[in-house]
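Right, one structure below, let's go through it.
Convention: sequence-line order gives letters A, B, ...; per-chain numbering from 1.
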Amino acid sequence: MIPTQQEAQAALAEADRAAARIRRSDKQFGAILLGIAAAYVAIGVLVALAPAVPGFALIAILVILVGALGGGVILLLRIRAYSRTGILQFTVSCAAFSFWNAMVVGVSSATRWWAPNQPTSHFTVSAVVAAIPLVIAAWLVSRTRG
Amino acid sequence: MKHPRHELDDLFGHPVRFSIVAMLAAASKIEFSFVRDQLEISDSMLSKQVSALEQAGYVRVDKGFIGKRARTWLSITRAGRSTFERHLAALRRIAGGAESVLTTN
């Protein structure tokens with residue numbers, strides 16, 4: 001049976017709604033990226049505190065690492081739908097973060113921004129700078145229409 | 001000029017099947033329960049429609065376990081995607097008034 005003009009328009013509208021449902025689901029990747037950024041900055045803060053309270057900082061870092069890893073895995077397993085664009089954005093974001101983080105670590109060491117005579121707060125600043133791509137990526141993912 | 005109805009696939013004429021394929025066309029993979037919840041249909045209804053699409057070679061079904069929990073993932077095949085894109089193109093022509101133009105000519 002050939003659809004009428006109105007039926008064809010309704011079907012096209014339904015196809016748009018279906019695509020929007022998937023785009024909304026992709027936004028979960030944004031939450032995961034923000035979670036990684038938060039965990040990374042928190043570790044940066046704790047590393048800065050490490051010389052003052054070593055025992056506490058070490059335990060806290062371990063808790064954050066295990067929590068971030070566990071939380072990330074749970075969130076990834078909870079994703080029930082994703083688009084090719086969504087998973088690509090997530091993968092590229094993680095790769096960009098890894099690359100940028102390596103740059104930040106390299107520059108921080110080479111310029112002696114990280115050195116025994118420097119304030120430990122430099123670790124926190126570096127962690128915040130390193131987390132920038134994750135925050136931008138999370139923002140880009142969350143502003144996707146749908 | 002060929003009438004757009006020739007590009008329509010009867011399998012997509014069913015509204016639930018159309019919605020399933022429209023979601024799969026926008027996705028890489030979707031879990032069975034997500035489609036069921038979004039389309040507000042029963043498990044059996046979704047299974048029936050997915051089986052029809054799978055038999056036509058339009059949809060792929062992958063089953064797996066995470067721990068003890070079974071999960072079923074649906075994805076669209078290459079044939080399914082190209083057929084659906086042709087179907088959508090035909091619908092766009094009909095929606096744009098191509099049908100009436102061709103009928104009067």
Quiz item: Quick one: what part of Leu39(B) sits under 4.5 Å from any heavy atom of chain A, side chain, backbone, both or neither?
Solution: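 The side chain, not the backbone.
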Quiz item: If only atom types and distance count, is the side chain of Arg17(A) paired as donor or acceptor with the main-chain N or O of Ser19(B) below 3.5 Å?
Solution: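 Pair absent, no side-chain N/O of Arg17(A) close to backbone of Ser19(B).
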Exercise. Only counting residues at least two apart or in another chain, list the ones meeting side chain to side chain donor-acceptor pair (under 3.5 Å) with Asp10(B).
Key: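 Per chain and number, Asp10(B) pairs via side chain to side chain donor-acceptor pair (under 3.5 Å) with no residue.
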Quiz prompt | Rounded distance [0.5 Å steps], CG in Leu24(B) versus CD1 in Ile22(A) | solution =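 It comes to 7.5 Å.
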What closest approach, in Å, do [X] and [Y] show between heavy atoms, and which atom pair accounts for it?
| X | Y | answer |
| --- | --- | --- |
| Ala19(A) | Ala26(B) | CA-CB, 3.5 Å |
| Leu91(B) | Ala11(A) | CD1-CB, 3.8 Å |
| Gln5(A) | Gly96(B) | NE2-C, 3.9 Å |

Is there a path of hydrophobic side-chain contacts, each under 4.5 Å between heavy atoms, that joins [X] and [Y]?
| X | Y | result |
| --- | --- | --- |
| Met23(B) | Leu12(A) | yes |
| Trp73(B) | Leu88(A) | no |
| Val107(A) | Leu134(A) | no |
| Val61(B) | Ile76(B) | yes |
| Phe99(A) | Val105(A) | no |

Exercise. Answer yes or no: does atom CZ of Arg60(B) have more than 12 heavy-atom neighbours from other residues, nucleotides or ligands under 6.0 Å?
Key: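 No, because the 6.0 Å sphere around CZ of Arg60(B) holds 12 heavy atoms or fewer from other groups.
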Self-check item: Over 12 foreign heavy atoms within 6.0 Å of CH2, Trp100(A)
Solution: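 No - once you tally the heavy atoms of other residues, nucleotides and ligands closer than 6.0 Å, there are 12 at most.
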Practice problem: Tabulate, in ascending numerical order, the residues of residues 40-59 of chain B having at least one heavy atom closer than 4.5 Å to a heavy atom of chain A, or enter 'none'. | Solution: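 Listed by number, there are no contacting residues, so the answer is none.
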Exercise. Report, by ascending residue number, the residues of residues 78-90 of chain B in heavy-atom contact with chain A at a distance under 4.5 Å; give 'none' if the set is empty.
Key: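 At a heavy-atom separation under 4.5 Å, chain A is reached by Arg81(B), Leu88(B).
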Quiz item: Between Ile87(A), Ile79(A), Thr85(A), Leu77(A), which shows the greatest number of heavy-atom pairs under 4.5 Å with chain B?
Solution: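 Top option by heavy-atom pairs under 4.5 Å: Leu77(A).
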Quiz item: With chain B, which of Ser83(A), Ala10(A), Ser25(A) has the greatest number of heavy-atom pairs at distances under 4.5 Å?
Solution: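 Option with the greatest count: Ser83(A).
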Quiz prompt | Partners meeting ring pair (Phe, Tyr, Trp, His ring centres under 6.0 Å) with Tyr40(A) (sequence neighbours left out) | solution =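 Partners of Tyr40(A) under the ring pair (Phe, Tyr, Trp, His ring centres under 6.0 Å) test: Phe97(A).
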Quiz item: When Arg80(A) is tested against each of Ile30(B), Val35(B), Asp37(B) for side-chain contact (heavy atoms from CB on, under 4.5 Å), which residue passes?
Solution: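 Filter result, single survivor: Asp37(B).
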